Amino acid sequence: MRGLFVTFEGIDRSGKTTQARLLLDALGDAAVGVREPGGTAAGERVRALLKDPAVELSPAGEALLFAAARAELVAQVIEPALAAGRVVVSDRFLDSSLAYQGEARGLGVAEVERVNAFATGGLTPDLTLLLDLDPATAGGRGAVEDDRFEQEGRALQEQVAAAYERLVAAAPGRWRRIAADRPPEEVHADVLAAVEAARRAPAGEEA
């Protein structure tokens, strides 16, 4: 039986990495964790390049680098794990590119989606968890100094948050919104409940 593909999305500092780790701890050997960009030797090198504020990149360059890293991750890690029946937990996936490069960078969601359909073979998450947090609250959690995206500040995060709202509206059956302005253990309880419901749901049916 094919496994379950779960992704975490949200603005920077919304707690995605923490919640992905907690979910992996809860699922144990049944799960495989990945992050974007990264997760492969090539992907980690691309990640370093994309995050480096000293490297100038055009919006198109950003989008294509994310897609390249994603192609390697899908081929080398995600698809083999799903074929083995495991739960794949990803800290970001395609929706991040649609929100950041497609919307916030102005490239167009359809254009970014088209490039990534080629890169991933059309792979779509079974369940996407949106960690919902106001950009002002997220900003109060601090920023990573050597991160290109976090250095751009609140304006970018507000654009990305609005983009996520449109993505949720376009595919509501795949998304679960989880309030992220609470203690991590409370957020995790809701995350785990959503994932367990998706695991119980018959193939092709919404949880």
Side-chain angles (χ1 to χ4, degrees), residues 1-11 14 16-17 19-20 23-24 27 30-40 43 46-47 62-105 107-132 160-178 190-207:
M1 184 173 66
R2 188 170 173 82
L4 185 74
F5 185 22
V6 179
T7 58
F8 282 93
E9 296 288 351
I11 63 173
S14 58
K16 296 177 298 300
T17 301
Q19 291 304 319
L23 179 59
L24 287 166
L27 296 176
V32 173
V34 296
R35 68 174 183 174
E36 282 221 335
T40 66
V46 172
R47 181 185 183 88
E62 271 186 12
L64 290 169
L65 284 170
F66 274 111
R70 189 169 291 129
E72 294 304 305
L73 184 63
V74 169
Q76 294 184 33
V77 184
I78 296 177
E79 280 291 4
L82 291 174
R86 303 178 78 181
V87 179
V88 175
V89 177
S90 185
D91 182 352
R92 295 195 180 280
F93 193 62
L94 170 58
D95 293 297
S96 284
S97 285
L98 300 182
Y100 280 80
Q101 284 74 46
E103 286 255 9
R105 298 293 197 224
L107 293 179
V109 168
E111 286 74 10
V112 175
E113 196 164 29
R114 190 177 304 117
V115 169
N116 279 273
F118 172 72
T120 68
L123 178 64
T124 301
D126 298 299
L127 173 66
T128 299
L129 302 162
L130 177 63
L131 298 185
D132 194 11
V160 169
Y164 276 126
E165 292 300 324
R166 286 186 280 274
L167 292 172
V168 171
R174 172 166 64 88
W175 292 78
R176 298 292 180 273
R177 185 189 304 273
I178 296 179
D190 286 351
V191 165
L192 186 58
V195 171
E196 292 296 354
R199 294 179 77 185
R200 291 193 299 269
E205 291 188 12
E206 295 180 12

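This structure is a prediction, so every number in the text was calculated from the model and none was measured. When a residue number appears, it is its place in the shown sequence, counting from 1.
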Closest non-hydrogen atoms of Ala67 and Val115, given as atom of the first, atom of the second and distance, are CB-CG1, 3.8 Å

Note: Val77 and Gly39 closest approach over all heavy atoms is CG2-O, 3.8 Å

Under 3.5 Å, is there a donor-acceptor pair between the side chain of Glu103 and the main chain of Gly108?
no

I'd like to know if Arg177 and Asp132 make a salt bridge, using a cut-off of under 4.0 Å between side-chain N and carboxylate O. yes

So CD of Glu113 and CG of Asp95: to nearest 0.5 Å the spacing works out to 8.5 Å

Looking at Tyr100, I'd like to know if the NZ or CZ of Arg105 sits under 6.0 Å from its six-membered ring centre while staying within 45 degrees of the ring's axis.
no

Test side-chain contact (heavy atoms from CB on, under 4.5 Å), reference Ser96, set Phe8, Phe66, Tyr164, output is Tyr164

Rounding to 0.5 Å, atoms CG (Leu167) and CG (Leu98) come to a distance of 5.5 Å

Are Leu82 and Val87 packed together at the side-chain level, in the sense that at least one heavy-atom pair is separated by less than 4.5 angstrom? no

**Q.** Donor-acceptor contact below 3.5 Å, side chain Asp126 vs main chain Phe5
**A.** yes

- Checking Arg35 side chain against Ser90 main chain: does a donor-acceptor pair fall under 3.5 Å? no

Do Val88 and Leu4 touch side chain to side chain, with heavy atoms closer than 4.5 Å? no

Please determine whether salt bridge (Lys or Arg N to Asp or Glu O under 4.0 Å) holds for the pair Arg2 and Glu79, giving the CA-CA distance in whole Å, both sets of side-chain angles, and the decisive distance to 0.1 Å. CA-CA 10 Å; Arg2 188 170 173 82; Glu79 280 291 4; 2.8 Å; yes

- Whether Arg92 side chain and Gly10 backbone form a donor-acceptor pair below 3.5 Å: yes

On a heavy-atom basis, the closest approach of Val160 and Ala104 is CG2-CB, 4.1 Å

Minimal heavy-atom distance between Pro37 and Ala69, with the atoms involved, is CB-CB, 4.0 Å

Rounded to the nearest 0.5 angstrom, the CD-CG distance for Glu9 and Asp91 is 8.5 Å

Do Arg174 and Thr128 meet the criterion of a side-chain donor-acceptor pair at a distance under 3.5 Å? yes

CG (Leu65) and CZ (Arg70) are apart, to the nearest 0.5 Å, by 11.5 Å

Are any non-hydrogen side-chain atoms of Thr120 and Phe93 less than 4.5 angstrom apart?
yes

Rounding to 0.5 Å, atoms CG (Asn116) and CD (Gln101) come to a distance of 9.0 Å

dist Leu130:CG -> Lys16:NZ (nearest 0.5 Å) comes out at 9.5 Å

Heavy-atom nearest pair, Ala63 first then Leu107, reads CB-CD1, 3.7 Å

Problem set entry | Test item: Arg176 side-chain N/O and Gly173 main-chain N/O as donor-acceptor pair under 3.5 Å | yes

Of Val195, Leu27, Val191, the one forming a side-chain contact (heavy atoms from CB on, under 4.5 Å) with Val6 is Val195

Test side-chain contact (heavy atoms from CB on, under 4.5 Å), reference Val89, set Leu23, Leu129, Thr7, output is Leu23

